[in-house]
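None of these values were measured; they are calculated from a predicted model. Below, chain A is the first sequence line, B the second, and so on; all start at residue 1.
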2 protein chains.
Amino acid sequence: MVMLRQGMQHVRNYYNSEPQMMRSSFSQPFISRTYKTSFLKPKSKAEIKVLAAKKHSEAEKRRRMRINGQYETLRNILPNIIKKDKASVLAETIKQVKELKKKVSKLEQDSSTNPSKDVVKFPSGAEKLRLERCNIEEGLVKATLSCEDRPELMQLISKAVGSANTKLVKAEIVSVGGRTRSVLWVQGLGNDGMGMLKSHLRTALHKPRSFQ
Amino acid sequence: MVMLRQGMQHVRNYYNSEPQMMRSSFSQPFISRTYKTSFLKPKSKAEIKVLAAKKHSEAEKRRRMRINGQYETLRNILPNIIKKDKASVLAETIKQVKELKKKVSKLEQDSSTNPSKDVVKFPSGAEKLRLERCNIEEGLVKATLSCEDRPELMQLISKAVGSANTKLVKAEIVSVGGRTRSVLWVQGLGNDGMGMLKSHLRTALHKPRSFQ
DNA sequence: TACCACACGTGAGTC
DNA sequence: TGACTCACGTGTGGT
């Protein structure tokens, strides 16, 4: 039942552009023009009707071709189409559009909760510390800090996180031009946990450069 | 020239299901059944032809309805469609599919070069170190390492990266159950830089727990 | 054979 | 008025 109608359009064009039923009436104009000026373009009512019909059918043909062309591009765009008939093409299109939409919203959701969008964010010049809840159900808190780059910074940070009795789920660090921007994803904070973590991180940030 | 054809389908259904030209011939069967048994279902050639035509046109109508239903769902799925006619719907569909495809490939590209997809990757039990070029034009190298979690690890790593004369563009660390998985994006490696970086990182990984 | 998908010309509607 | 879009029934070829 699988149908492959690749070139059917061409096969089906068996009608010539001027159907026979119309041809007979086209000899008429020459007769009338023998005694009437061609500027007036005299036409019998039947003649007018036939010409209009011809025009109409030609316009309709153009319309069909326009639509069929778009079916063709759809057939080319969509991957894995077996049945090439119009209904199947439309069905497959609908399916694909839905899938693509779902995929996009999923990917966009990911990139909004993930650090991907922070890739372009470089450390700012100012000393900064910011905490925000980013997933309430999972109790996930995102801490963003920007400060001078120091070798012992990671130790200080991990100690700060540890002392707040939390779990560091994920950390992301960008260091550029002697400055560092860190984003931490922390889990397991109690009600007053955020304030505690913040103060711990603040002391870590402002600790003077160690001896080492 | 903007066309709003929301409910045109309903307006256009002015034909009843049995066109007039067919009705006259439907009175025929009753006459023949007066002297022939209805089991044989006697049909004149004309009768057969008309019935076949009816069947055909009905099938064609079903086909049209199937296709038009799909146009309708497309109209509903696609956002921001002004012109509701078939050709415009198809054109808009093609446009949207192309856009969605581009969007998806872009987002997928992002998530493959970005750490997003590593979110689910937790530190493995085995000691691991792997380097790979992930962007040849930019000379970007991705180093993935998995080892026991130690407080001084980040210092060791940053020293290793620094001694290889490179720039740490980005770092990502996940610590779970006493183990750490780190992913480093390093830039500015020479031809033999990768080997050097690897050996430096290896020694950092296997360094015994410091006094501190 | 019957069924299916299609292109066609046409009548009718909208703008 | 004319340009357009649509649904319709039909003829035809392919399965």
Side-chain angles (χ1 to χ4, degrees), chain A residues 1-26 41 43 45-72 74-75 81-92, chain B residues 1-26 41 43 45-72 74-75 81-92:
Chain A
M1 277 293 249
V2 172
M3 314 205 174
L4 293 160
R5 297 180 171 274
Q6 320 87 317
M8 183 163 279
Q9 276 77 358
H10 304 102
V11 179
R12 291 281 171 95
N13 287 338
Y14 40 81
Y15 282 126
N16 50 29
S17 51
E18 285 179 19
Q20 295 206 331
M21 49 184 286
M22 294 186 175
R23 266 195 205 138
S24 58
S25 48
F26 275 112
K41 285 189 180 176
K43 288 164 194 161
K45 282 181 182 172
E47 223 180 312
I48 289 167
K49 211 175 174 183
V50 169
L51 279 170
K54 183 178 152 73
K55 207 172 193 176
H56 183 27
S57 80
E58 279 174 348
E60 188 59 21
K61 174 152 191 165
R62 279 195 299 275
R63 177 177 161 271
R64 278 196 300 268
M65 283 177 74
R66 207 166 59 241
I67 291 175
N68 286 335
Q70 284 161 321
Y71 274 105
E72 202 44 46
L74 272 180
R75 276 186 264 260
I81 28 170
I82 312 121
K83 293 177 73 182
K84 304 270 193 181
D85 67 276
K86 292 183 179 181
S88 304
V89 168
L90 288 182
E92 187 58 27
Chain B
M1 279 294 248
V2 173
M3 313 207 174
L4 294 160
R5 297 180 173 272
Q6 318 88 318
M8 182 163 278
Q9 277 76 1
H10 305 99
V11 179
R12 292 281 171 94
N13 287 338
Y14 40 81
Y15 280 128
N16 51 28
S17 51
E18 284 179 18
Q20 298 206 330
M21 50 186 288
M22 293 188 172
R23 265 194 207 141
S24 59
S25 47
F26 275 113
K41 285 188 178 177
K43 288 164 194 162
K45 281 181 183 172
E47 224 180 312
I48 291 167
K49 212 175 174 183
V50 169
L51 278 170
K54 183 177 154 72
K55 207 172 194 177
H56 183 28
S57 80
E58 279 174 348
E60 187 60 19
K61 175 152 192 164
R62 279 195 299 275
R63 177 178 163 270
R64 277 195 301 267
M65 283 177 73
R66 210 164 59 237
I67 292 175
N68 286 335
Q70 284 161 323
Y71 272 106
E72 201 45 45
L74 272 179
R75 276 186 264 259
I81 28 171
I82 312 123
K83 294 178 73 182
K84 304 271 193 180
D85 66 275
K86 292 184 180 182
S88 305
V89 168
L90 287 183
E92 188 59 27

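- In this structure, the CD atom of A:Glu72 is 14 Å from the C1' atom of C:dC6, given to the nearest Å.
- No side-chain heavy atom of A:Ile82 sits under 4.5 Å from any side-chain heavy atom of A:Glu92.
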- Task: Go through A:Lys86 and B:Gln70 one step at a time and tell me if the side-chain contact (heavy atoms from CB on, under 4.5 Å) criterion holds.
- Result: CA-CA 10 Å; A:Lys86 292 183 179 181; B:Gln70 284 161 323; over 6 Å; no
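- Between the NZ atom of A:Lys86 and the P atom of D:dC6 there is a distance of 12 Å, rounded to whole Å.
- Considering only side-chain atoms of A:Lys55, the nucleotide from D:dA7, C:dG9, D:dA3 that sits closest is D:dA3.
- Residue-level contact check: B:Arg62 touches neither bases nor backbone, having no heavy atom under 4.0 Å from any strand.
- Each of B:Ala87 and B:Arg64 was matched to the nucleotide of DNA chain D holding its nearest heavy atom; the match closer to the 5' end belongs to B:Ala87.
- Taking atom NZ of A:Lys61 as the reference point, atom P of D:dC6 lies 19 Å away to the nearest angstrom.
- Look at CZ on A:Arg63: it is 16 Å from P on C:dT10, rounded to the nearest Å.
- Between the side chain of A:Arg75 and the backbone N or O of A:Val89 there is no donor-acceptor pair closer than 3.5 Å.
- Relative to the side chain of B:Ser57, the nucleotides D:dG9, D:dT5, C:dC6 differ in distance, and D:dG9 lies closest.
- Comparing C:dT10, D:dC6, D:dT10 by their closest approach to the side chain of B:Ala53 singles out D:dT10.
- Between A:Glu60 atom CD and C:dG11 atom P there is a gap of 13 Å when expressed in whole angstrom units.
- Here A:Ile67 contributes atom CD1 and B:Asp85 contributes atom CG; the two are 7.5 Å apart, rounded to the nearest 0.5 Å.
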- Message: Apply salt bridge (Lys or Arg N to Asp or Glu O under 4.0 Å) to residues B:Glu58 and B:Arg62 and explain how you reach the verdict.
- Response: CA-CA 6 Å; B:Glu58 279 174 348; B:Arg62 279 195 299 275; 5.0 Å; no
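- Across the interface with DNA chain D, nearest-nucleotide mapping of A:Arg66 and B:Lys49 shows A:Arg66 to be the residue nearer the 5′ end.
- With distances taken from any side-chain atom of A:His56 to the nucleotides C:dC3, D:dC6, D:dC8, the minimum falls on D:dC6.
- Atom CE in A:Met65 sits roughly 18 Å away from atom C1' in D:dT5 (whole-Å rounding).
- Distance B:Lys83 NZ to D:dC6 C1': 15 Å, rounded to the nearest Å.
- Atom CG in B:Asp85 sits about 9 Å away from atom C1' in D:dC4, given to the nearest Å.
- At C:dA7, one or more side-chain N or O atoms of A:Asn68 fall inside 4.0 Å of OP1 or OP2 (strictly under the cut-off).
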